[in-house]
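Structure record follows, encoded as C-alpha cells.
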Amino acid sequence: MRNDCVFFQRKLYRKAKQESEFCFYMLYDKLTVGYLMREAWKRVKANGGAAGYDELKISDVIKYGVEKYLSEIAEELRTKTYKPQPVLRVFIPKANGKLRPLGIPTVKDRIVQMCCKMVIEPIFEADFEDCSFGFRPKRSAHDAITVISDNLKQGKVQVYDADLSGYFDNIPHDKLMILVEQRISDSRILKLLRMWLKAPVYEEKQFKKNSKGTPQGGVISPLLANIYLNLVDKAVKRKDGVFQKYKIDIVRYADDFILMGYRMPAECMNYLHTILERMELTINTDKTHLLNARQEPFNFLGFTFRYVWSSYNKNKKWLRISPTKKSIINIRQKVGDYLRYNGRKNPYAVSKGLNSIMRGWLNYIIIPGVSYSNGGRFKLENYLWDRLRIYYKRKSQRVGKLYRRGAFEVLTKRYGLIDPIIYKLVDSRECFR
C-alpha cells in the first residue's frame, strides 16, 4: 500500500519537475483510490489528535469499522456530496503566557485533507526552494540548523532574525489560491481547498466566518502555508535579485526564517518588507532584529547560536550551538510534572514514563558534528538526581528504599532509565526493556 503511494507520488513529482509550467487538470478522481484512502487513514490514526466539532474520535471510527467508514467517505467524494464540517477552535498556552489558536478539523475532514495532501504535495515539492525545511518530506529542523552552522562558518554572520505576526491566521485566501491555480486546474480540487479555507470556526459555542488564514491543526494547512511563503524564498534566491547581489541566503522553517549574509544592506530589508506588505503579512517588530552573530547570540528552532572564546587560543572564537535556556527549562518542567503527579509507581514504570519524555528532547538537541548539547544534558541529569531523591522520599509515609541508595543511579543501572550524559541517538530505536 505504501509502495503504491510512493510510486504514485514520484510520478507526479517527476512530471512537475520536468515541466515547470505544466498545470495538472485530472487529480480529483485520485482521492477515492483505495490505497490512498487507506494510507491517509493510517497517517491520521498515527497522528492521533482530539475529536473535532462532531465529537467523533479515532477510536469511534475503529469501532464503527474503518473500511466501511472509508467507503462512505469515498462515495461522498464521488457523488460530490462531501462538505467540510466546522473547525473546532481551542487555545493552547504559549511560553510567553499568551494563547495560540488551534483549529481541529473532524476525523473525516482530516482523512480527506490527508488524501488531498498526498496527491498535490509532490507537485508543489517540485517548485519549493531548498532553503525551506518545515513540514516537508525528508527535511527536518536538524537540516536547517546544519545549514545555518555552515553559513556562519563561511562568514555569513550578519543575521536578520525575522518573525511574522500570526502568519497562519492572516494568509489571504485569494492570493493563496492564485498560487495554487498556477499548478492545479482541476476545479474540483480547487473547490475542496476553498471549502476548507472558508469552513466556519466553532469557538465558545458560536460559529464564526473565516475570511482569511488557514487553521493551525489542519492537515492541509502546513502545505498551503509553505506554498504561500515560497514567494519569499524565490525572491531571495532569484539570481538577478537584490539579495543575491550581496550573496544573502534565507533559512526558513514554516513561518520562522532568518536572512544571513556577509553584510545586510538596508535595501535588502526594505525589499523584504515590501514583499511581505504585498503579501498582506506583517513583521513582528518586537521579535525581529538585525545582529552580528560574532558579537550577539541568537535563538532559532530551540537552539542558541553563540560565539565563545577558545580556551586554547584567547584571540579566537568558535561557534557553539546549544539548546536554549527555555528548552532546558521546559524539559525539566515536564520531568518535574511527571514525578509530581505520578506517585506510587514501581521503578520500571517510572523509568518508562521518564524515558518517553526525555527521549524526544534528547534526539532533537543532539545533532552529531553540529550541536553542543553537553551543558543541557548535565543540567537535566542534575535535575533528575534531585527530583528522584525527593520523589522517593515522599513516595509513602516511610522513606522509599531507593532514597538512600541513589535513586538515579539505581534506575539507570537496573531499570533502564536513560542517562542524559551518555545517551546516543541509536537508543531511540531500542524498545524499553
Side-chain angles (χ1 to χ4, degrees), residues 95 121 124-164 167-168 216 221-238 243-244 247-262 264 268 272 275-276 281 283-284 287-294 296-307 318-328 330-331 360-373 376 425 428:
E121 184 177 51
F124 292 100
E125 272 293 319
D127 297 334
F128 289 160
E129 298 289 336
D130 291 336
C131 58
S132 68
F133 299 91
F135 306 111
R136 294 184 59 188
K138 298 182 180 180
R139 287 171 171 264
S140 67
H142 283 188
D143 298 322
I145 300 302
T146 302
V147 171
I148 295 173
S149 174
D150 292 339
N151 284 340
L152 290 173
K153 290 175 181 177
Q154 292 172 17
K156 295 183 177 181
V157 295
Q158 291 294 323
V159 176
Y160 186 64
D161 186 3
D163 183 84
L164 297 176
Y167 171 64
F168 282 86
Q216 295 189 59
S221 296
L223 175 60
L224 297 177
N226 272 333
I227 291 172
Y228 198 56
L229 269 186
N230 192 48
L231 284 175
V232 176
D233 300 340
K234 287 188 176 298
V236 176
K237 289 292 186 179
R238 197 172 65 205
F243 294 100
Q244 291 308 305
K247 298 181 179 180
I248 292 174
D249 286 331
I250 181 173
V251 179
R252 182 173 66 82
Y253 191 93
D255 57 331
D256 295 324
F257 66 91
I258 59 174
L259 299 179
M260 308 181 70
Y262 302 106
M264 197 70 61
C268 292
L272 173 66
I275 295 172
L276 294 175
L281 301 176
I283 285 280
N284 186 340
K287 296 182 179 180
T288 300
H289 54 284
L290 176 65
L291 57 91
N292 185 324
R294 286 191 173 274
E296 183 180 352
F298 68 95
N299 298 332
F300 192 70
L301 298 180
F303 288 90
T304 297
F305 298 79
R306 176 186 288 107
Y307 277 87
W318 61 280
L319 176 64
R320 172 179 286 181
I321 303 173
S322 56
T324 61
K325 291 181 179 179
K326 186 168 74 171
S327 174
I328 297 171
N330 287 343
I331 186 62
W361 184 76
L362 290 168
N363 284 346
Y364 184 76
I365 67 166
I366 300 174
I367 310 177
V370 177
S371 68
Y372 178 83
S373 60
L425 289 176
S428 63

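- The shortest side-chain heavy-atom distance between Lys326 and Thr304 does not fall under the 4.5 Å cut-off.
- For the pair Glu129 and Arg136, the tightest heavy-atom approach, listed with the atom from each and the gap, is O-NH1, 2.7 Å.
- At distances below 3.5 Å, not a single donor-acceptor pair connects side-chain atoms of Gln158 with backbone N or O atoms of Met260.
- Remark: side-chain polar atoms of Arg320 are not paired, donor with acceptor, to backbone N or O of Tyr372 under 3.5 angstrom.
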Yes or no on side chain to side chain contact (heavy atoms under 4.5 Å, CB included) for Phe300 and Val159, after CA distance, side-chain angles and deciding distance?
CA-CA 11 Å; Phe300 192 70; Val159 176; over 6 Å; no
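- Side chains of Ile148 and Phe303 form no contact here, defined as non-hydrogen atoms less than 4.5 Å apart.
- Here the CG atom belonging to Leu291 is positioned 5.0 Å from the CD atom belonging to Glu296, to the nearest 0.5 angstrom.
- In terms of heavy atoms, Gly261 sits closest to Ile248 at CA-CG1, 4.3 Å.
- With ring centers used as reference points, Phe305 lies under 6.0 Å from Phe298.
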Derivation and outcome, side chain to side chain contact (heavy atoms under 4.5 Å, CB included), residues Leu276 and Leu164
CA-CA 9 Å; Leu276 294 175; Leu164 297 176; 3.9 Å; yes
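- The OH atom of Tyr253 sits 14.0 Å away from atom CG of Leu229, with the distance rounded to the nearest 0.5 Å.
- Inter-residue side-chain proximity for Ser132 and Arg252 is flagged as met; some heavy-atom pair is nearer than 4.5 Å.
- In this structure, NZ in Lys325 is found 14.0 Å from CG in Asn330, a value given to the nearest 0.5 Å.
- When atom types are taken as modelled, the side chain of Asn230 and the backbone of Asn226 share no donor-acceptor pair closer than 3.5 angstrom.
- Between the side chain of Lys234 and the backbone N or O of Asp127 there is at least one donor-acceptor pair closer than 3.5 Å.
- When side chains are defined from C-beta on, Asp255 does not count as touching Leu281, because their heavy atoms never get closer than 4.5 Å.
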List the steps, then state whether side chain to side chain contact (heavy atoms under 4.5 Å, CB included) holds for Asp249 with Lys237.
CA-CA 7 Å; Asp249 286 331; Lys237 289 292 186 179; 3.6 Å; yes
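- Once rounded to the nearest 0.5 Å, the distance linking OG1 of Thr146 with CG of Asp150 reads 7.0 Å.
- A pairwise comparison of heavy atoms in Pro323 and Gly376 identifies CG-CA, 4.4 Å as the closest pair.
- In this structure the side chain of Ile321 reaches within 4.5 angstrom of the side chain of Ser149, judged on heavy atoms.
- At distances below 3.5 Å, at least one donor-acceptor pair connects side-chain atoms of Asp143 with backbone N or O atoms of Ser140.
- Inter-residue side-chain proximity for Trp361 and Ile328 is flagged as met; some heavy-atom pair is nearer than 4.5 Å.
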Which is it for Leu301 and Phe133 under the side chain to side chain contact (heavy atoms under 4.5 Å, CB included) test, yes or no, and what are the steps along the way?
CA-CA 11 Å; Leu301 298 180; Phe133 299 91; over 6 Å; no
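- Considering every non-hydrogen atom in both Met264 and Tyr160, the closest pair reads CE-N, 4.2 Å.
- Contact detail for Ser327 and Gly302: the closest heavy-atom pair is CB-O, 4.1 Å.
- Aromatic ring pairs are classed by plane angle as parallel below 30°, tilted from 30° to 60° and perpendicular above 60°; the pair Tyr364 and His142 is tilted.
- A donor-acceptor pair under 3.5 Å links the side-chain atoms of Ser371 to the main chain of Ile365, judged by distance alone.
- Between Phe135 atom CZ and Leu224 atom CG the span is 12.5 Å, to the nearest 0.5 Å.
- Two residues are said to be in side-chain contact when any heavy atoms from C-beta on lie closer than 4.5 Å; Asp161 and Asn299 fail this criterion.
- The main-chain N or O of Ile250 is never found under 3.5 Å from a side-chain atom of Asp233 such that the two would form a donor-acceptor pair.
- In terms of heavy atoms, Ala293 sits closest to Tyr307 at O-CD1, 3.2 Å.
- Residues Ile275 and Leu231 have side chains not in contact (no heavy-atom distance under 4.5 Å, counting atoms from C-beta outward).
- Interatomic distance, Asp256 CG to Tyr167 OH, rounded to the nearest 0.5 Å: 11.5 Å.
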